[in-house]
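All heavy atoms count here, side chains included; hydrogens, waters and symmetry mates do not.
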Amino acid sequence: MFKNLKPVIAIDGTAGSGKGTLARKIAQILNFDHLDTGKLYRYLAHLELKENKKILDIIKYKNKINFSEINNLDLRTEKISSSASIIAKKREVRDFLTKFQRNFSSFPPSGNGSVIDGRDIGSVIIPNAEVKFYIDANLEVRSKRRLKEIESPEKNDVLSYNEIYKQILSRDIRDKGRSESPLKKTKNSILIDTSFLSPEEVVTRALGEIKKVF
Ligand code: C5P
C-alpha cells in the first residue's frame, strides 16, 4: 500500500546537482509524470520581470496566472535563476505554489505516480513521499556543469566560470539559509553525491533504492 493517493518520488537538492536530469529519467523509466518545481518559481520570476510589478501584487490575482506557456519560455537564464531564488523566500509565494504541487502529486496526468524535484518536496510539500532523495555535488563540479550548459549555442548568457560559481554559491546560501522551507536533507532522505558519478550511475543508484520500496 502507498502512503499517498499515487506514489511520489521526491527529489530535492542544490542547483546543478543533477536532480532535474535524475527526475526526468526516473519518470520516463517508471512511466510516472515529472514536475520540475523550479520552473514554477522561475515562471513567477519571469512574470515579475516582464510585468515590472512586485510578485506579491501579481499573485494577488492568483486565478489569472496561467502556467500553460511555461514550457515555451527560456527560463534558465542566470537573471531568472537569481530572481527565482529571491522570490522563493516569500511565504506568500510558497503558499501559492504549494496547492499546485500537491494537486499534481495526487492527480498526475498519467494516473501512475509522480517524480517531483525541487528544494522542499521531501521536507514540506510531500513529507510522506514513498521515496525521498537529496542530491548534491561539490560547488566546483556544479559550476562546471552549469557553464557547459550555457555554452550551448542556443543560450544567450555570456558568463565566466567565476561569475557562475559566485551565482550558484549565492543561490545555495539563499536556499539553505531562508526561514521559509529552507533546502535541507530530511532524516529519511537518501543522499546521493553526484560529484564523481555519471548521470547513468546516478539513475542506477536511485533505481536500486526505489526497488527496495516498490
Ligand atoms: O531548481 P531550480 O534551480 O530551477 O530552482 C530555481 C530557484 O527556485 C531555486 O534556486 C530556489 O530558490 C527556488 N525553488 C524553491 N523551491 C522549489 C524549487 C525551486 O525555493 N521547490
Side-chain angles (χ1 to χ4, degrees), residues 1-43 67-68 70-76 81 84 97-98 100-138 141-142 144-146 148-150 152 154-155 168 175 183-214:
M1 267 308 277
F2 294 120
K3 292 177 257 176
N4 291 290
L5 213 52
K6 296 286 173 183
V8 181
I9 298 171
I11 306 186
D12 291 304
T14 48
S17 59
K19 64 183 182 336
T21 305
L22 173 66
R24 213 171 33 248
K25 291 192 173 165
I26 298 264
Q28 247 169 22
I29 293 167
L30 300 178
N31 207 10
F32 279 16
D33 294 290
H34 172 214
L35 178 65
D36 169 358
T37 63
K39 257 196 198 167
L40 306 176
Y41 289 89
R42 285 170 185 273
Y43 184 62
F67 289 96
S68 61
I70 208 165
N71 290 322
N72 305 327
L73 299 166
D74 178 14
L75 299 173
R76 297 208 64 83
S81 304
L97 293 176
T98 295
F100 184 99
Q101 297 170 76
R102 289 192 179 144
N103 192 51
F104 187 94
S105 76
S106 302
F107 307 104
S110 65
N112 298 331
S114 60
V115 183
I116 308 188
D117 77 83
R119 300 293 187 290
D120 61 343
I121 310 305
S123 56
V124 175
I125 303 293
I126 323 280
N128 63 344
E130 275 64 21
V131 190
K132 305 204 284 190
F133 290 104
Y134 185 87
I135 311 296
D136 206 356
N138 72 49
V141 167
R142 292 188 285 128
K144 280 186 199 146
R145 284 179 188 158
R146 186 75 187 123
K148 208 166 156 199
E149 201 182 300
I150 64 171
S152 63
E154 67 272 16
K155 302 274 176 190
I168 295 187
D175 290 348
L183 168 65
K184 60 176 180 212
K185 184 191 166 310
T186 66
K187 263 197 209 139
N188 54 356
S189 318
I190 300 152
L191 171 71
I192 304 182
D193 183 333
T194 68
S195 304
F196 306 105
L197 296 177
S198 69
E200 292 70 30
E201 287 170 322
V202 179
V203 170
T204 305
R205 199 170 285 191
L207 279 178
E209 297 293 341
I210 293 168
K211 277 189 192 140
K212 289 182 196 166
V213 177
F214 287 5

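Contact check for T194 versus K19: no side-chain heavy atoms found under the 4.5 Å cut-off. By the 4.5 Å heavy-atom criterion applied to side chains, F32 and I26 are not counted as neighbours. Contact of the I11 side chain with the V115 side chain is registered, since non-hydrogen atoms from C-beta on lie closer than 4.5 Å. Residues F107 and L5 are in side-chain contact: their nearest non-hydrogen atoms beyond the backbone lie under 4.5 Å apart. Taking the side chain as every heavy atom from C-beta outward, D136 and D193 never approach each other to under 4.5 Å. With contacts defined as side-chain heavy-atom distances shorter than 4.5 Å, the pair S105/I116 qualifies. Looking at heavy atoms from C-beta onward, Q101 lies in side-chain contact with L40 at the 4.5 angstrom threshold.
Here the closest heavy-atom approach between residue P108 and residue G113 is recorded as CB-O, 3.6 Å. The heavy-atom pair separating K25 from P199 by the smallest distance is NZ-CB, 3.7 Å. The two residues Y41 and T37 have their closest heavy-atom pair at CD1-O, 3.2 Å. Counting all heavy atoms, side chain and backbone alike, K39 lies closest to N71 at NZ-OD1, 2.6 Å. Heavy atoms only, all atoms of each residue included: R102 and I125 are closest at NE-O, 2.9 Å. Of all heavy-atom pairs between A10 and I121, the closest is CB-CG2, 3.6 Å.
To the nearest 0.5 Å, the span separating OG on S195 from CG on L197 amounts to 8.0 Å. Rounding to the nearest 0.5 angstrom, the gap separating the CZ atom in R142 from the CZ atom in R146 is 12.0 Å. Between atom CG of residue N103 and atom OG1 of residue T98 there is a gap of 12.0 Å, rounded to the nearest 0.5 Å. In this structure, I168 CD1 and T14 OG1 are separated by 8.5 Å, a value rounded to the nearest 0.5 Å. From L73, atom CG reaches atom OH of Y43 across 6.5 Å, with rounding to the nearest 0.5 Å. Note that CG of L22 is 11.5 Å distant from CZ of R205, once rounded to the nearest 0.5 Å.
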Could you walk me through whether L183 and Y134 pass the side chain to side chain contact (heavy atoms under 4.5 Å, CB included) test, one step at a time?
CA-CA 10 Å; L183 168 65; Y134 185 87; 3.6 Å; yes

With side chain to side chain contact (heavy atoms under 4.5 Å, CB included) as the test, would you mind laying out the steps for V203 and I29 before giving the verdict?
CA-CA 10 Å; V203 170; I29 293 167; 3.8 Å; yes

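No donor-acceptor distance shorter than 3.5 angstrom exists from the side chain of R42 to the backbone of A84, with no hydrogens or angles considered. S198 contributes a side-chain N or O that, together with a main-chain N or O of E201, makes up a donor-acceptor pair within less than 3.5 Å. Formation of a donor-acceptor pair under 3.5 Å by the N4 side chain with backbone atoms of N128 is found in this model.
For residues 106-127, the pairs satisfying side-chain hydrogen bond (donor to acceptor under 3.5 Å, both in side chains) are D33-S110, H34-D117, R94-D120, R119-D175, with sequence neighbours left out.
Between the side chains of T21 and R145, no donor-acceptor pair of N or O atoms lies under 3.5 Å. Using modelled atom types, one finds no donor on one side chain facing an acceptor on the other under 3.5 Å when comparing R76 with S81.
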